[in-house]
Amino acid sequence: MKKTAFTTSETAWCPGCGNYSILETLTGVLNQMETPPHQVVLVGGIGQAAKANQYISANGFSGLHGRSLPAAVAIKIANDDLTVIVNTGDGDSYGEGGNHFLHNIRRNVDITHFVHDNQIYGLTKGQPSPTSDPCDLSHKINACNMGATFNPLLIAIAVGATFVARSFSGDKEHLAEIMQAAIKHPGYALVDILQPCVSFNKKNTFAYYKQRVKPLDPTYDATNKLAAMEKAMEFGDTIPIGILYQEQALTYKEKRPELFDAVPLIDKLVNLEDVQALIHRYI
Amino acid sequence: MKKTAFTTSETAWCPGCGNYSILETLTGVLNQMETPPHQVVLVGGIGQAAKANQYISANGFSGLHGRSLPAAVAIKIANDDLTVIVNTGDGDSYGEGGNHFLHNIRRNVDITHFVHDNQIYGLTKGQPSPTSDPCDLSHKINACNMGATFNPLLIAIAVGATFVARSFSGDKEHLAEIMQAAIKHPGYALVDILQPCVSFNKKNTFAYYKQRVKPLDPTYDATNKLAAMEKAMEFGDTIPIGILYQEQALTYKEKRPELFDAVPLIDKLVNLEDVQALIHRYI
Amino acid sequence: MYNILLGGAAGDGIETMSALLEKMLKQSGCHLFTIRDFMSRVRGGHNFTQIRFGNTLLHAHRDSLDGIFAIDETTYREHQSQLSDDGFILCDESLSIDDHRALKLPLKAVAKELGNPKVISSVAIGALLKIFDFSLEYAADTLKNNLRADLVEINLSALHRGFDLTKPRFGLKSALTSDYLLLSGNTAIGLGALAAGIKFYSAYPMSPSTTLLDFFSTHGDKMNVAAEQAEDEIAAINMAIGASYAGVPAMTGTSGGGFSLMVEALGFTGIAEIPLVVVDVQRPGPATGFPTRTEQSDLKFVISASQGEFPRMVIAVKDHTDCFYQTARSFALANKYQIPVILLSDQYLADSTTTIPILDASKIISAPTTAAGDLDENDRYRRYALTKSGISPLAIPGKTEALVRIDSDEHDEYGQITESADIRNKMVEKRMAKLELLKEELIEPEFWGAHQCQSLLVGFGSTSGAIKEAVDLLNAKENHYGALIFGDIYPLPTKRLKHFASQVVEIINIEQNATGQLASLIREEALLCCNHSILKYDGRQLSVDDILTGIKNLKGGF
Amino acid sequence: MYNILLGGAAGDGIETMSALLEKMLKQSGCHLFTIRDFMSRVRGGHNFTQIRFGNTLLHAHRDSLDGIFAIDETTYREHQSQLSDDGFILCDESLSIDDHRALKLPLKAVAKELGNPKVISSVAIGALLKIFDFSLEYAADTLKNNLRADLVEINLSALHRGFDLTKPRFGLKSALTSDYLLLSGNTAIGLGALAAGIKFYSAYPMSPSTTLLDFFSTHGDKMNVAAEQAEDEIAAINMAIGASYAGVPAMTGTSGGGFSLMVEALGFTGIAEIPLVVVDVQRPGPATGFPTRTEQSDLKFVISASQGEFPRMVIAVKDHTDCFYQTARSFALANKYQIPVILLSDQYLADSTTTIPILDASKIISAPTTAAGDLDENDRYRRYALTKSGISPLAIPGKTEALVRIDSDEHDEYGQITESADIRNKMVEKRMAKLELLKEELIEPEFWGAHQCQSLLVGFGSTSGAIKEAVDLLNAKENHYGALIFGDIYPLPTKRLKHFASQVVEIINIEQNATGQLASLIREEALLCCNHSILKYDGRQLSVDDILTGIKNLKGGF
Ligand SMILES: Cc1ncc(C[n+]2csc(CCOP(=O)(O)OP(=O)(O)O)c2C)c(N)n1
Ligand SMILES: Cc1ncc(C[n+]2csc(CCOP(=O)(O)OP(=O)(O)O)c2C)c(N)n1
Ligand code: SF4
Ligand code: SF4
Ligand SMILES: [Mg+2]
Ligand SMILES: [Mg+2]
């Protein structure tokens, strides 16, 4: 069934940007899947990360800043045959898009959400994002958080996400593995990907992450919610990467068997006689 | 210094609504404080709960649906002499207002947030709110959650709130105690108040809550975050009430000593000479 | 033709009572027009419905009443001045109402005797049916179809007891109404969307649009519509956009405040050329305003909402039948031109119920599907191919080999971000070209009245029925009134308006707002100035009577 | 007067180079007008700045160039057609540019020799200063004030080495510019707000408004302004509203997309009568559009944004000086009338820098404080007391004994929710009355040109400089051109316009948008039709040259 390969095109990113590895890894992962490009929809908001969706040969939905999730879930609801993958930034996902993050986790629609987390607003040139490191009050740098830093994994678990993982753009093998698992996961899957921004984030650099990331122990039990939350709170000298939490739960579609079956919504027939019958009920 | 008492006026609520006890208890708590009515600002969005701010003799800011928190923190930032208390609904706080909930917890401005949580949209006549109980798929009732139910306490702790509590409108003594502690807490304080809606929530009734609420054990340690998260996950046959989590952390204001000192922003003088000097730097 | 009012506090069951009575009246051969006036609260306060009924079709409410059913004294106080001299005030004997028109009956006592004080409204319905000389023939069926099984018996007894309490005072020749529907404006919009093949409806609850969400939640599973309650209005519209991109007809609905939150995404549909229907069921603003009341004050807002420039269509629905057909037409236009179509309704239409001829789903011109088009010589898909008409091919992701790319940034033919001045110019021109095509399918405003009129009334949307009835009444005296009532309102069709403007001596705009928004649109688009205005903005719909009074006052001023 | 262009890829340091060169030119006695043209990316692509300089004040950019500094061949290709025949293309000797105007120098080699390839731009600055016959007198100081200490030395050497690479070709009599400022439009807005006493600024980053947030973040602590980066634009405006309610002058800023998200809250300021200044730094839409480019296409949007009806004021800033004084005036108007005031700027003004006479903070008429008023006979405070002017007393919570209550619902004089038709009418009328007062303080559009003109150009905001310069050039040939340039644009002042309209043979609207939004506002408000339009919508600002060409083309059509 597979017709053509997924290919990438020229980007507008800075040389050295962590986004390149993510793009490359994702393309590799897609090429290993059965699904042909025209059955894949890449969705994003606005930002450097979100541009990724412009650079892979698949269907592409480049929406509004912060608003990728509602669009993505609706695409999946409308046509369950499509594989829907969101690539977008930390500002987009957790800042402007915070409310959709909360409530689309709760919906558990079968989509995958890759957050290119550079802990900064890249496209707008270096403001703090919700995930920026806390300010050292004695020695303030530009893009740090005066408030509490947003912990996406902990929050996702707390909200009820059924697949919560972290990876690092600098470890392509790990990233590929997690991406595959996330796409395979039935329901909403979040992967927060540490991604160095060479132009604006002078603190959380490639070397910084490289030194700190530490794959989860093979014995780690990803089904224990409380332990997962504890693990998610680790973010400092070591940063755990891997699938922190996973559970099997009914997806959006599975909870609504009256409407969703083997025939995707888009292919269901509109029956005008049913409509006319409903009209007649108002006589 | 105290000039007049806080009084209440006629409401537009249904007879039997849980909001009455909350109103009464809050008025009592305010009357026990030193602060006179004109130093208190009651803030709310739109909904039945939010109307509470119309019924107490204090300053009142009845804003937009979902948008009470940004307004409330700004009021406090502008004038630190004011006591700022938000009374609003679960839909308002966690639904439309979800993004502000996330990010104003992070700011840790010294305000108090009382959520009248009736697990339903009352004013719009009975739609599910984020906190509505999960749907029993075999026996669907009207206002239930098809997605995962929103756990405000767990999420607040995960986001970094420094005071997280639950109480019940039906236990005025407990409620008064928690309200006092919340107002006293330096920084953002959340109290999720179980509040029966007699008109639309036929499941989570007064009796339902009454049977289930259980004050935290006196030995409970509210400073242990992980334990607090575990406790916050209890919501079923027993529902713990009390201060689930509290920590001392720098508030918004304390982190910015350059701007915030004993003189509230509103009383700081505008110095036109400074402005002119700044202008001259562009010569 | 009669006009009665049922009033009480929120929670007194006035709405249920009204719905039952309306159904029985229709069964008995009446046409109806019922308005609902309620406060933004669940219990207490003062709510009422006004049921106008007769043996011809009705298109508006009137102010003067033939009867009042007053649950409380407030109802009497608030409305007695509307009651005609030979009208009646049906109420319980315990009410202290000192008025020769009062018809005090032991309603409460009867209900109590029957064992449930709540059936007082059924006792009253019985009495009302008797007063107007109807039978109880349809009572049992109506109760059976609309009440919980265990409540039917007692309410039927109550009806009979009420019926026996009084005697006939009015009579009406009944009509044949079995070929008519009885429904609200929002129901008609829902049905129109179904007839057009809607498959996705997303919304956040907001009066007076919420009943649309209820409609799709109720019928969605059966009718193949995914109905989603969104976390906020921004999510609601972005969901609908996603669904439309994925190829299913989609709609979102809200009121002005929610529309405000949708404004950014509206522009997204403009630049990304996503077909979408957005319903704005207006209520008085600004901001939260008057949540449960009516106004036509979002017109100028919706025609220019969102940054930048893009084509859109705005249709103001005029009545319940229009709600159905224009909603369906909106889907067709949105799809044909790949634009957002905004349906402007209001609380008056949304919540009022009336009898209308049976809606015919087979009459709907289904949304034309734009061809997907082919891949280009490099096997790439030009979602935004530059065409003369401005309309590009529209492939659905997954349904062909085309990779369909859309973008909220300015983009090239492939949907790829561009910074080129040249492509920008072409894309702006391509998009705006669609507006010119659209102008050719505009429906000119409906004319009503005397073709040789000297006074021209202009209005739009839900004031239609009242304006027409007012024109008829005015013309009965002096046959020189005409009216133009706009449905298609943006782009504004100006041909017929200019024709009549050149003939009349005065133009009077009649609007449910404070600033005369239609008049200013007419100035802008037709360079014509209205000479007088009749405006209302207290949240209560302009009635035939308001228009007649308005005209009279204007004449006084001549 | 000369005009040079510096071009390269994003990340090549063109912006820094331009800023340094501008400062040295100003020190050397030049007036400047510099525009910035960049792509929505951080590295790569093609960015450029155009520096126009001379010994009189400059108010706009021009297209034709006297010199180009090309870091890459793209710069040459993109801009060589703008270069005059005797102009130069300064570039490194390695570039393959085959043009007699090329001035190839060993810029790279010198930089390499100095030990840092990045100082190539300083080498070029040195050469440029020499070409225009300036000295290096101000170089050391400028570098010291603007670069990291460890970079000063090497850059100074680079400047000197570049200076020595070539010889003078042009000369300019220098002016006295020490009484002038050099700043961008957004900086001027920031300074204006400070002069007006701003204490709270909240925003979410969005080009081209972000530098305003930067400004307040940088200067906030010192100048007593709380600058808050909000989680989204909805939070930004609701914060500003909260701060204003609490009694501190507040402002929020954004671009069109963010403004869209603020629309609901804008209506809230309308009904709650909260003074607020909202800056919309426009960029091309719809939606994300062209993030780093310019347009004037939000006009119709902002004048009617939000459901319902309420008074607002919209001011289009015309130039950098205007940015300062009109921002300050906005605070005064917002406070006086308790309304939202929207400042319309755009990317062109926001990012361009120019020399202007020193801004005088003491000239600011500070925002008048509305009296708090007294408690009523029942010790209650009527925040919305009905007054003839429509302006109610405005107490600040905590500052008097008044309990100050505001509401987004319709409310009574106490700020308490109401459902009364009578109070609704009075409140609508009270609010709208303020609009009438406001109309009396409108500033009529600035007239420029020949008072007996036959052709009247109309424009608004940032095209001001170009229109004036074009009129001067046109009048040098045939003295019958005039222009009206609107700053106050809503409500639209129409007196002066009507006066000139009655005298001229044609009106030509000149706008940076595709649909002629000013022209349609003029039709609506003055019932006047513009005869011709010169419109530009490719994201690059209308230049003097564009206007001259536009007029020539129109004439061809006569
Ligand atoms: C409504 C709206 N507000 C603001 C912006 C400006 N904006 C574009 S991208 C961006 C932030 C990008 O940060 P992030 O999502 O982390 O992506 P990154 O560039 O870092 O990959 C912002 C604020 C916008 N496009 N739309
Ligand atoms: C922007 C906007 N969307 C929707 C509404 C309609 N609305 C008013 S109150 C409300 C929900 C109320 O629920 P909650 O906050 O839980 O308060 P409750 O009435 O239950 O106390 C909604 C959806 C609104 N006023 N504004
Ligand atoms: S700014 Fe940062 S995130 Fe953006 S492309 Fe450059 S390195 Fe990557
Ligand atoms: S609807 Fe529910 S929440 Fe609202 S007043 Fe009535 S009982 Fe209370
Ligand atoms: Mg980022
Ligand atoms: Mg609620």
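In the text below, chain A, chain B and the rest are named by the order of the sequence lines, each starting its count at 1. For the numbers below, each heavy atom of this structure counts, side chains included, while hydrogens, waters and symmetry mates do not.
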Against chain D, label [X] side chain, backbone, both or neither, depending on which of its atoms sit under 4.5 Å from a heavy atom there.
X	value
C:Ile303	neither
C:Tyr537	both
C:Met432	side chain
C:Asp280	neither
C:Gln296	neither
C:Glu295	side chain
C:Arg293	side chain

Would a 4.5 Å heavy-atom cut-off, applied to side chains only, mark [X] and [Y] as touching?
X	Y	answer
C:Glu524	D:Lys300	yes
D:Pro491	D:Leu435	yes
C:Arg431	C:Val428	yes
D:Ser207	D:Arg283	yes
D:Ile274	D:Gln338	no
C:Asp346	C:Leu344	no

| message | Given heavy-atom pairs under 4.5 angstrom as the criterion, report whether the side chain, backbone, both or neither of D:Leu266 touches chain C. | response |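 When you check distances to chain C, no heavy atom of D:Leu266 falls under 4.5 Å.
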| Checking heavy atoms, do the side chain of D:Phe268, its backbone, both or neither come under 4.5 Å from chain C? |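 Both backbone and side chain.
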| request: Please test D:Tyr348 against D:His61 for ring pair (Phe, Tyr, Trp, His ring centres under 6.0 Å), starting from the C-alpha separation and ending with a verdict. | output: CA-CA 10 Å; D:Tyr348 179 74; D:His61 72 296; 5.3 Å; yes
Among [options], which residue has the highest count of heavy-atom pairs closer than 4.5 Å to chain D?
options	answer
C:Asp422, C:Asn425, C:Thr418, C:Asp298	C:Asn425
C:Glu264, C:Gln517, C:Glu419	C:Glu419
C:Val302, C:Val263, C:Asp409	C:Asp409
C:Ser408, C:Ser297, C:Ser420	C:Ser408
C:Ser306, C:Ser520, C:Ala514	C:Ser306
C:Pro286, C:Gly256, C:Ser255, C:Gly285	C:Pro286

Taking [options] one by one, which has the highest count of heavy-atom pairs under 4.5 Å against chain C?
options	result
D:Ala272, D:Gly539, D:Cys529, D:Ser40	D:Ser40
D:Ala265, D:Gly267, D:Ala519	D:Gly267
D:Gly45, D:Gly289, D:Gly258	D:Gly289
D:Glu309, D:Gln282, D:Arg523	D:Glu309
D:Leu261, D:Ile423, D:Leu521	D:Leu261
D:Glu429, D:His411, D:Lys536, D:Glu525	D:Glu429

| query | Regarding D:Arg424 and the six-membered ring of C:Phe290, is the cationic atom NZ or CZ under 6.0 Å from the ring centre and inside 45° of its axis? | reply |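 D:Arg424 over C:Phe290 ring: yes.
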| Going by an N to O cut-off under 4.0 Å, is there a salt bridge joining D:Lys434 and D:Glu273? |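 Yes, charged N to carboxylate O under 4.0 Å.
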| task | Please work out which of the three classes, parallel, tilted or perpendicular, describes the rings of D:His79 and D:Phe48, given edges at 30° and 60°. | result |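 D:Phe48 vs D:His79 ring planes: perpendicular.
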| Would you say the side-chain atoms of D:Arg540 pair up with the backbone N or O of D:Asp538, donor to acceptor, closer than 3.5 Å? |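 Such a contact is found between D:Arg540 side chain and D:Asp538 backbone.
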| request: Check the pair C:Thr254 / C:Ser209 against side-chain hydrogen bond (donor to acceptor under 3.5 Å, both in side chains), numbers first and verdict last. | output: CA-CA 5 Å; C:Thr254 184; C:Ser209 72; 4.8 Å; no
| request: Compute whether any side-chain donor of one residue and acceptor of the other, for D:Ser543 and D:Asp546, lie under 3.5 angstrom apart. | output: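 Result is yes, a qualifying pair exists.
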